[in-house]
Every structure is written in C-alpha cells, then in structure tokens.
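Every heavy atom of this structure was used, including side-chain atoms; hydrogens, water molecules and symmetry mates were not.
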Amino acid sequence: MCEAWAVHQMWFFALASGRAFSHVLVHSLCLYLDPEWASYKLGIFICLNCSGIHRNLPQISRVKSLRLDFWENDLIEFMKKHGNLCAKAKYEAKVPPYYYIPQSCDCLVLREQWIRAKYEREEFVATRVCQDPCSAGSREGFLWKRGRESRQFQKRRFLLSAREGVMKYYTKESRGPKAIISIENLNAMFQTEKIQHAHGLQITYNTDGQTRNLFVYHESGKEIVDWFNAIRAARYYYLRTTFPTVPEPEVIPRITRNYVKEGYMEKTGPKQKEAFKVRWFCLDSQERKLMYFKNPLDAFAQGQVFIGRTDEGYEVQAGLPQGVRVKKRKPAITVITPMREFVFICENDREQREWIDALNGVIAQPLTG
C-alpha cells in the first residue's frame, strides 16, 4: 500500500507541476505558487491560499493535500480525466472583459468572491447570458461611507449609471445628490487594511483639480465586490465608447488601478530647513502624482508632487541633497524636479528601496495623453 501510494504521490506532483500554469489560468491568484492541494470534487489543483477558501464551499468542493493525504484510485482517475484546463473551459467560458480577476496579493474578499462566482454561482459558464457593460455598469444601493468631518461611517445611498456617465451619492433622501461624480475620472480600489474593514473600498475622483477620496464598505462581501465590478463595467463602457480604436489590451489596465505604493514618510518644507513632519504618501502611476496626507483616511491631500520623465529633469536619489542635515539617522530620498528638490525620510532601508523603485518606475514610463 505504501509503495503504491508513493507512486501515486510522485505522479501527482509531476501532474501538478505540469499543470501549474493551468492552475494560474483557473484561479489567477496563485502565480509563482506551486499547487500542493487539490479539489477532488472539481478535479483541479490549487494552492494553499485557495484551499482555505475551497474548504468553506463543501457543497461544491472537497480538498485534499497532495503531500499529506491518501488518495483512493477512483479519485486519482477522476483527477486524470478532469484538471485545470477543463475547469477553466467550463467555469470561465464567459468572463466579462471588465470583471476583475484577482491575483495572489489581493485581499481575501476579492479572492473568495472570484472563487464563489465561478464555482458556487457559476456566473461565467457558457449557458449564462452576459450583461453588456452599460447594463452591468448601472447599480443602486446603500454603502457605509466615512464622513469627511465626523469620521464616522454612515449609511448612504449610491447610484451608478454607465449610460449617464456618472456616480452619485445622497446624504438625505429628500435632497439632491451630495456629489455627482464623472465616470471619466472615477477609480476604485480595495483598501481593507487602511479602512480597517475586510470589505473596505476606496473610491477616488477629481474635483477642482484635487483628488477626492471616499471610503466605503458593505457588510456583504458579494455586495461590495459587485459594486467594484459595476464601477469597472461603467469605466469599461466609457473607455470603449470614448476611445473605440484603442486595442483591448491597452484598455483593460486603465479601467481601475491600485496605487503603486503607499505608506508613511517624513517631509520637510521647500527651504529644507523646516521641521520634518510625518505624512501618509500615495503614488499614483497613471496620474503620475505623489500625494501626501496628514492621515491615511483624509478626504483630500495636503499636497502633491508631479513625477515626470528623466528627459524632463526628474530624478530620484537615495540620500539627502548636499548641505541638508537632519538629526535622525534614517534613510532619505531626494526627488529632483525642474522646480525644486523634495526631501523625504523613510522608516528603514527596505522602505527606502521600495519607494525609490516605485518612483523610478513612474519616471521610466512614457507620458500618456
């Protein structure tokens, strides 16, 4: 029995290695992760992170370890006949182009709802009728929104209309909308740690030349992910109708985006003699802006630095400019622009390297219209 199982185990690892890329295609979560688990009810190989989600779906998925569990012959034959490519062909037959397929680094609610949408609700099987982006980008309902002044989360009604090209939210039913947001400059990203809620979503838009932040959540994981994908559908509809000749691979990355990097740094003033103050920084690669806030959940930034290209005189260097002295022995960054130099102090060497790499990535990318 032990020798037979050893042979089966060797076969499983060979098969899992050979189908690791197929696993990525199925989940899109496990890039660079070797699948050492399998769902013997679906006939797919999965990684450790996905195995935890699959265990919560016993009606549709049952999980075993390739390394630790014993596999009966009938289960082995079932795995041979199915596999990840078969599952992808069945469960991802009609994934809309605007639907966000999460990666391994994404938050749990995105990963869980992707797996539930595929296997539990079967939203993308061939027999399903797909909504067009205009219909999918229309939604109405309530979200808990953080107040700009009160800093308390209150229930607010939101209305999204891809056809009208706007998103609105209301503070009181008897009055008009508190804000009318153009889908042209609307963005959304999950911020579970920043908002300190497992379903926390940050919505941003431009108003009077500034970036406005809205922080919202919903008690239901499905509901908040549905809102996120509705915003993406509305954005996709706007981009496809406004720029019909732009190739699809160029459109998809511009639907929504995460910040390249966020975190605390200390900054000084333009004379570089003012006291350093701790601020929360967000780097937006698409807008080429390094924004800084007094607090991470502020509605508006205190200021921002435009990040241009090297041939325009932009550069980032490790360390302080010549003649600048600080009391703290911490790693520093100098961002050089045609107008002035910006000096930031990082918490440690790792943060300094990450900020330099992120800033250099923005400097290196071409300007877009």
Side-chain angles (χ1 to χ4, degrees), residues 31-32 103-107 187-196 200 202 204 206 210-211 213 215 253-254 256-368:
L31 193 60
Y32 310 122
Q103 306 298 312
S104 60
C105 58
D106 282 312
C107 60
N187 186 43
M189 67 189 88
F190 275 90
Q191 293 278 19
T192 58
E193 291 186 12
K194 184 195 286 190
I195 298 174
Q196 295 185 346
Q202 179 176 345
T204 67
N206 296 331
Q210 290 184 289
T211 299
N213 297 319
F215 300 99
R254 300 188 71 84
T256 58
R257 64 194 182 279
N258 294 331
Y259 290 138
V260 177
K261 182 165 174 62
E262 293 185 86
Y264 285 107
M265 289 192 291
E266 297 179 45
K267 70 173 292 295
T268 185
K271 295 181 180 179
Q272 299 177 356
K273 295 181 180 179
E274 298 89 344
F276 280 84
K277 296 180 179 179
V278 177
R279 295 292 182 260
W280 179 265
F281 286 81
C282 303
L283 180 58
D284 186 339
S285 62
Q286 186 167 303
E287 297 291 327
R288 307 186 75 103
K289 293 188 300 188
L290 178 64
M291 299 172 286
Y292 54 91
F293 303 80
K294 187 174 182 179
N295 298 297
L297 297 182
D298 284 349
F300 291 98
Q302 287 191 323
Q304 62 186 39
V305 181
F306 178 78
I307 308 296
R309 300 194 317 268
T310 303
D311 58 6
E312 297 175 321
Y314 290 85
E315 185 182 352
V316 58
Q317 296 178 349
L320 299 167
Q322 190 173 3
V324 176
R325 299 288 185 269
V326 295
K327 294 180 180 179
K328 299 179 181 179
R329 291 189 175 182
K330 289 186 177 180
I333 294 173
T334 301
V335 177
I336 302 169
T337 76
M339 301 297 294
R340 56 169 282 199
E341 294 178 344
F342 294 85
V343 181
F344 308 113
I345 293 178
C346 303
E347 186 61 30
N348 52 52
D349 292 337
R350 179 180 60 81
E351 282 290 304
Q352 181 198 44
R353 288 193 301 271
E354 289 181 2
W355 276 111
I356 289 175
D357 290 344
L359 288 162
N360 276 329
V362 176
I363 291 172
Q365 72 185 25
L367 289 171
T368 56

Can you tell me how far apart CG (Asn213) and CG (Leu297) are? Round to the nearest 0.5 Å.
9.0 Å
To the nearest 0.5 Å, what is the distance between OG1 on Thr268 and CD on Glu341?
12.5 Å
Ile333 side chain reached by Val316 side chain, heavy atoms, under 4.5 Å
yes
Would you check if the side chain of Asp357 reaches a backbone N or O of Glu354 as a donor-acceptor pair within less than 3.5 Å?
no
Please round to the nearest 0.5 Å and tell me the distance separating atom CG of Asn295 and atom NZ of Lys194.
11.0 Å
Determine yes or no for a side-chain-to-main-chain donor-acceptor pair under 3.5 angstrom, with Asn187 supplying the side chain and Arg257 the backbone.
yes
Hey, could you give me the CG/NZ distance between Asp298 and Lys294, rounded to the nearest 0.5 Å?
8.5 Å
Check: Gln304/Gln210 side-chain N/O donor and acceptor closer than 3.5 Å
no
Here the pair of heavy atoms bringing Gly319 nearest to Gln352 is N-NE2, 4.0 Å
On the 0 to 90° scale, with breaks at 30° and 60°, tag the Phe306-Tyr314 ring pair as parallel, tilted or perpendicular.
perpendicular
Test of understanding: with side-chain contact (heavy atoms from CB on, under 4.5 Å), list the residues that count as partners of Val362, not counting sequence neighbours.
Leu283, Ser285, Arg288, Ile307, Gln365
List the atom of Met291, the atom of Ala301, and the distance in Å for their closest heavy-atom pair.
CB-CB, 4.1 Å
Do Phe293 and Phe300 make the cut of ring centroids closer than 6.0 angstrom?
no
Check Glu266 with Lys277, please: is the shortest side-chain N to carboxylate O separation under 4.0 Å?
no
Residue pairs passing the ring-ring contact (aromatic ring centres under 6.0 Å, His included) test with at least one member in residues 256-280, sequence neighbours excluded, are Tyr264-Trp280
Please enumerate all residues that pass salt bridge (charged side-chain N to carboxylate O under 4.0 Å, His left out) together with Arg309, with sequence neighbours excluded.
Asp311, Glu312
Check whether more than 12 heavy atoms from other residues, nucleotides or ligands sit under 6.0 Å from atom CD of Glu193, and answer yes or no.
no
Smallest heavy-atom separation, Thr334 atom then Pro321 atom, equals OG1-CD, 3.2 Å
Does Gln103 offer a backbone N or O that forms a donor-acceptor pair with the side chain of Asp106 under 3.5 Å?
yes
Rounded to the nearest 0.5 Å, how far does SG of Cys346 lie from CE of Met265?
5.5 Å
Can you tell me if Asp349 uses its side chain to pair, donor with acceptor, with the backbone of Pro331 under 3.5 Å?
no
For the backbone of Glu351 and the side chain of Asn348, can you confirm whether one donor and one acceptor N or O come within less than 3.5 Å of each other?
yes
From Glu287 atom CD to Thr211 atom OG1, the distance as rounded to the nearest 0.5 Å
6.5 Å
Give me the atom names and distance for the closest heavy-atom approach of Lys261 to Ala358.
CB-CB, 4.2 Å
Are any side-chain N or O atoms of Asp284 and backbone N or O atoms of Gln286, one a donor and one an acceptor, separated by less than 3.5 Å?
yes
For Phe190 and Gly200, work out which heavy atoms get closest and say how close.
CD2-O, 3.3 Å
What is the minimum heavy-atom distance between Phe344 and Lys267, and which atoms define it?
CD2-CB, 3.7 Å
